[in-house]
Amino acid sequence: MNGYVGTPTSRVDGRAKVTGAAKYAGEFTADRLVHGFVVEATIPRGRIAQLDTSEALKVAGVLDVLTHANRPSLADKDDAWKDEVAPEGSPFRPLYDDTIKFNGQPIALVVAEEWATAKFAATLVRIDYEQAEFATDLEAERGGASEMDKPHKPRGDAAGALAAAALRHEADYLIPTEHHNPMELYATTTVWEGDGKLTVYDKTQGVQNVQKFLCGVFDKKPEDIRVLSPYVGGAFGSGLRPQYQVVLATLAALALKRSVRVVLTRQQMYGLGYRPMTIERVALGAKSDGTLDAVTHEAIAVTSRYEDFARNDTGWAEQLYSSPNSSFSHKLVHLDVSTPSDMRAPGAASGVCALECAMDELAVALNLDPIELRLKCYSDRDQSENLPYTSKQLRQCYARGAEAFGWGRRDPAPRSMRDGKELVGWGMATGVWEALQMPVAVRIVLTSNGHAEVSCAASDIGTGTYTIVAQVAADALGLPIENISVRLADSTLPQAPVEGGSWMAASSAHAVLGAAEDIRQELARHAQAMPSSPLAGVDAQDIILAEGTIAKAGERGRAISIADAMRYGKLERIEKQKLNEFPEDKSHARNTHSAVFAEVKVDEELGVIRVTRVVSAVAAGRILNTKTGRSQIMGGVVWGIGMALHEETVMDHRFGRIMNANIAEYHIPVNADVHDIDVIFVDEPDTHINKLGVKGLGEIGIVGVPAAIANAVYHATGKRIRRFPITLDKLLG
Amino acid sequence: MGDVTHELPDRIPTRLVINGVSHTLDLLPWTTLLDALRDHLALTGTKKGCDHGQCGACTVLIDGRRVNSCLTLAVMKDSAEITTIEGLAKDGALHPLQQAFIDHDAFQCGYCTPGQICSAAGLLAEGRARDADQIRELMSGNL
Amino acid sequence: MNNFRYSRASDIADAIRLLAPDPGAKLIAGGTNLIDLMKENVERPSRLIDISRLPLREIVETPDGGLRIGALVPNSDLAYHPLIEQRYPLLASAILAGASAQLRNMASVGGNLMQRTRCPYFYDTATPCNKRSLGSGCSAIDGLNRNHAILGTSNSCIATNPSDMSVALAALGALVHIAGPNGERTIALTDFHRLPDDKPHLDTNLGSGEIIIAVELPPHSFARNYSYLKIRDRMSYAFALVSVAAALELEGNAISGARVALGGVAHKPWRSLEAEAALRGQAATPDHFGHAADLLLQGASARSHNGFKIELARRAVVRTLMQATNATPQSQAHKKIA
């Protein structure tokens with residue numbers, strides 16, 4: 001099968017996006033649409049003593065103000081509020097009761113004919129609170145951390161080996177709270193279809209997750225609620241769980257029996273999920289030859305008081321670095337904040353950042369080149385389960401990345417390289433992520449004009465799902481890509497999980513293959529049944545679909561056009577739907593890897609840091625689309641620059657309030673911060689992981705980047721900054 | 001500080017020439033050009049990413065100059081010529097910038113894209129960017 | 001936004017007339033700052049008086065060889081005006097260091113002078129702030145103050161003025177022309193903005209009912225030896241941690257005239273005549289610049305998170321003056337610091 005797969009095919013939804021035709025959740029409209037505006041709590045903990053909406057209701061154009069006191073019925077059991085990726089605990093319920101659990105919590109929804117009217121009226125809602133004692137400072141409350149179930153079993157005696165190690169490095173690295181800040185505001189348009197039926201356009205990474213959730217929360221039948229998100233303006237994990245505005249828009253639609261749109265402000269988005277602030281404590285014990293004796297990694301992370309959100313921050317050394325002794329622990333501090341959420345490479349972005357900074361510090365202590373240290377410790381097995389990898393071309397990543405970067409010309413001494421008044425630093429780090437795959441179903445409808453519609457409930461959050469589905473389908477059906485139309489992100493379409501974890505490329509591609517195989521078999525049957533068929537007697541397995549025909553593999557002369565075969569079978573269309581499930585296989589570990597190289601230039605006097613070059617060499621199996629794949633990695637690198645130098649959600653713990661809840665002072669990189677990014681896809685054939693050898697690219701692009709930059713800053717300046725982001729004031733002292 | 005008043009002011013007839021087509025809208029004074037485009041004219045190609053002039057997603061051209069439509073009161077632009085992303089392609093042929101964005105995969109989710117493209121069109125008209133660093137700097141108002 | 005009325009002024013006199021009866025009324029031109037603040041419910045004008053169509057868009061030469069810039073000239077038009085590029089490149093550079101191309105297209109000169117602080121407590125109506133609500137207290141003094149002032153602070157307020165343009169105007173000795181119910185008056189730009197003292201709700205000395213009509217640049221333009229250096233947390237589209245506008249008049253390597261203004265460190269652009277005087281007659285060397293920086297930063301005091309600004313400002317002053325000396329002004333596009 002070749003043709004489109006593996007090529008730099010342009011995005012099939014490109015035209016819709018560059019012309020403004022692509023519609024996002026807050027852009028769908030309906031007859032008599034009204035607008036909801038959220039009123040948020042301004043304290044972190046307590047209860048609403050009094051909530052006076054009378055002034056707001058007097059404003060001309062205001063239809064209603066929904067609060068916990070007057071809202072329609074909501075489910076009262078936690079189970080109904082638990083979506084498919086909910087962590088342990090009791091999920092937050094908007095407008096449920098008078099309890100305040102975090103600053104920014106929605107406590108009322110003003111509904112008006114115009115959005116601006118609702119926004120104005122929202123300022124007139126008067127709230128008296130009974131404020132309770134609260135705590136929001138992870139570092140201050142670190143002592144109250146509670147241990148989670150260990151994600152990885154300890155091996156050997158890490159504490160003993162560490163104590164006895166010839167060389168030891170041990171340090172805390174602090175990853176601040178970060179917010180996803182997708183460009184699209186969190187938004188829902190709930191369309192009242194009459195008779196209690198609703199069509200919900202929602203900014204989500206999983207329409208079926210939201211659909212089930214809404215049915216539970218509002219006690220609806222599955223056929224009453226349809227959820228769509230044909231275009232999603234970035235999400236990065238923020239749309240994995242249903243966002244509260246989908247509840248509010250739907251609640252208001254049910255209350256008013258009208259269509260309602262609720263779009264959150266950028267500031268309000270800071271009241272939802274985020275990458276949790278985490279203290280990453282890493283200890284490495286080494287022999288003097290640079291091999292490891294012990295690795296310990298402890299993460300202490302923030303979560304809310306009502307849910308235990310924890311990801312795998314600490315286990316990554318098991319994948320990367322051979323050590324006879326290891327131990328890992330993950331602790332949570334419960335604070336008066338909203339629950340964190342998955343954010344691009346959750347766990348790994350933070351944990352590997354710390355691990356890779358620590359490895360760099362160890363390399364310095366051992367007087368070893370950082371790549372050499374990593375090669376000395378290179379692990380060909382996942383040590384936690386003692387498994388081989390389906391494929392692991394990380395050595396090639398180091399080699400190809402180093403060559404492209406010119407790493408061989410690096411003077412290892414800190415502060416040794418200069419460009420005028422700037423110190424030049426070269427740093428590197430390893431990246432690792434999981435190659436996950438999930439059950440996905442796809443329906444293909446092939447019509448006799450040689451056009452196929454491929455549909456699936458999966459979302460395309462900018463990752464390129466529309467395009468790779470079209471590519472795989474075009475190849476599998478032997479049709480030009482122009483003849484493939486792709487429908488995604490409608491809860492009535494065949495099943496798909498939330499789009500996340502980098503699993504959708506492999507999962508959707510194989511689902512397409514499965515449905516296409518059924519189409520092929522049916523076409524082959526019709527073709528062979530035709531009178532004097534050129535395919536008569538050919539083994540069905542040798543029949544392929546190519547160039548609009550049904551043909552014998554390797555003998556293209558023996559072919560019948562799809563149109564002819566369908567006409568013969570009196571078929572206008574062939575429709576096949578198939579659920580693809582990957583066989584359970586615990587014989588191998590599945591991971592993607594990268595080696596990231598960064599050049600920084602640091603003004604020696606002023607501390608201003610510029611990231612002038614990044615090379616990211618990625619081993620992630622087969623790359624379905626080298627153009628959109630490269631964009632995925634570039635986007636990840638830009639995120640990594642932000643994580644290294646810019647991003648930090650800043651809270652005033654006296655108020656328990658985020659004080660930079662905007663995108664002027666919550667800095668993400670701008671164009672002027674981004675220079676040459678060289679993406680290298682290392683050849684990584686993988687015949688074990690799945691048929692196409694696909695692993696996924698969404699997360700691996702960010703992992704390792706912050707550490708490579710931090711290590712470059714150290715190499716440039718001799719200063720080791722362990723509190724992220726690395727702002728210039730930290731270099732001045 | 002103004003006193004709270006619940007009476008809404010009179011709507012103000014406002015003529016906007018958008019992508020060559022004249023529209024007259026009766027608007028409350030606080031309606032931004034962005035909201036007028038999106039909510040009143042269903043021209044949702046212009047995006048709301050922050051509503052505070054911090055992201056550039058709402059960039060349109062007013063009388064040929066790129067501006068943030070989220071910080072522009074529509075009533076103040078009475079009679080102005082406005083070009084949005086919907087007005088860049090002519091007779092179905094993409095503007096060269098639109099085609100270049102597709103060819104180079106200069107977007108992913110596409111939400112900032114209309115603003116990036118309108119901003120780039122404004123940048124070209126300004127004629128101030130002569131090298132890559134100047135383009136980077138002058139495109140830094142689009143996150 | 002709050003519920004306000006809208007009027008369009010037909011001329012300057014009309015604008016003044018419309019302002020007079022309504023203390024809650026505000027003028028609007030570019031709107032880049034005012035609309036932002038209205039959306040945050042920080043500014044709640046009863047009426048907006050649209051002055052954007054007033055005939056204040058000209059840049060004309062004054063009889064003494066300076067320039068008079070209409071208050072409604074957009075920031076980008078000013079920065080790219082041939083007379084500014086050639087004769088006042090320090091001003092052009094400072095303007096281009098600020099905001100984004102889109103905002104510079106919208107923002108007016110007068111509006112830039114009126115822009116308000118980025119202090120997060122000022123913006124957050126759920127926290128105390130004397131500038132927003134006099135008497136409520138200052139949350140920044142014992143709170144998050146990494147971006148706050150180190151000079152000229154008071155016990156009521158440690159906010160900074162966020163303008164880049166104003167820093168260059170202060171260095172250049174610009175004048176502000178104002179019209180009001182009692183006629184026109186002119187004040188020095190350095191006297192236009194004020195220190196917070198116990199009235200931090202007042203950013204400027206503009207009287208109620210007054211309107212900025214022009215900014216005047218004196219003839220001395222420092223077109224050869226100048227630089228504007230802005231230090232911030234990312235490379236563009238961010239407010240200054242510290243910025244420096246430096247301008248020198250050199251005879252050989254000897255300084256015959258010097259201007260230095262700091263941004264991001266005080267409630268107004270910060271200049272010290274003493275520091276500038278100390279440079280006159282001296283050789284243009286880092287040592288002398290360091291001494292001048294010390295004088296400029298005399299009395300600087302830090303709070304819990306902004307101590308770094310004192311040393312950063314000192315180094316930035318020296319560096320910017322060296323850039324000016326070498327006639328290698330900081331490029332706002334090429335980010336390597338010369």
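The sequence lines fix the lettering, A, B, ..., with proteins before strands; numbering per chain opens at 1.
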Within residues 10-46 of chain B, residues adjacent to chain C where the heavy-atom gap is under 4.5 Å: B/Ile12, B/Pro29, B/Trp30, B/Thr32
Rounded to the nearest 0.5 Å, what separation is found between the CE atom of C/Met106 and the OG1 atom of B/Thr72? 3.0 Å
In terms of heavy-atom proximity below 4.5 Å to chain C, should B/Cys118 be classed as side chain, backbone, both, or neither? neither
Whatever's closer than 4.5 Å to a heavy atom in chain C on B/Leu73 counts as side chain
Among C/Met235, C/His334, C/Gln332, which residue satisfies the side-chain contact (heavy atoms from CB on, under 4.5 Å) criterion with B/Asp133? C/His334
Are any of the side-chain heavy atoms of B/Cys70 and C/Lys39 separated by less than 4.5 Å? yes
Over all heavy atoms of both residues, which pair between B/Gly141 and C/Gln102 is shortest? Give the atoms and the distance, please. O-NE2, 3.8 Å
Looking only at C/Met38, C/Arg53, C/Lys335, C/Arg8, most heavy-atom pairs under 4.5 Å shared with chain B are made by C/Arg53
Looking at C/Asn3 and B/Glu7, would you say the former's side chain and the latter's main chain have a donor-acceptor pair under 3.5 Å? yes
Top contributor to chain C interface from B/Arg128, B/Glu126, B/Arg65 [non-hydrogen pairs under 4.5 Å]: B/Arg128
Is chain B contacted by the side chain of C/Ala79, its backbone, both, or neither, given a heavy-atom distance below 4.5 Å? neither
At a 4.5 Å cut-off on heavy atoms, which part of B/Ile135 comes close to chain C: side chain, backbone, both, or neither? neither
Heavy-atom distance under 4.5 Å to chain B: side chain of C/Ser76, backbone, both or neither? side chain
Looking only at non-hydrogen atoms, find the nearest pair between C/Ala29 and B/Met76 and report the distance. O-CE, 3.1 Å
Quick check on the interface: out of B/Asn68, B/Leu138, B/Ile62, who has the most heavy-atom pairs with chain C under 4.5 Å? B/Asn68
Answer key: most heavy-atom pairs under 4.5 Å with chain B among C/Leu48, C/Leu103, C/Asn33 is C/Leu103
With a 4.5 angstrom heavy-atom cut-off, could you sort out which part of B/Arg66 is near chain C: side chain, backbone, both or neither? both
Side chain to side chain contact (heavy atoms under 4.5 Å, CB included) for B/His52 and C/Ile35? Distances and angles first, verdict last. CA-CA 8 Å; B/His52 287 275; C/Ile35 299 294; over 6 Å; no
Which of the residues B/Val75, B/Asn142, B/Leu143, B/Leu123 is involved in the greatest number of heavy-atom pairs with chain C at under 4.5 angstrom? B/Val75
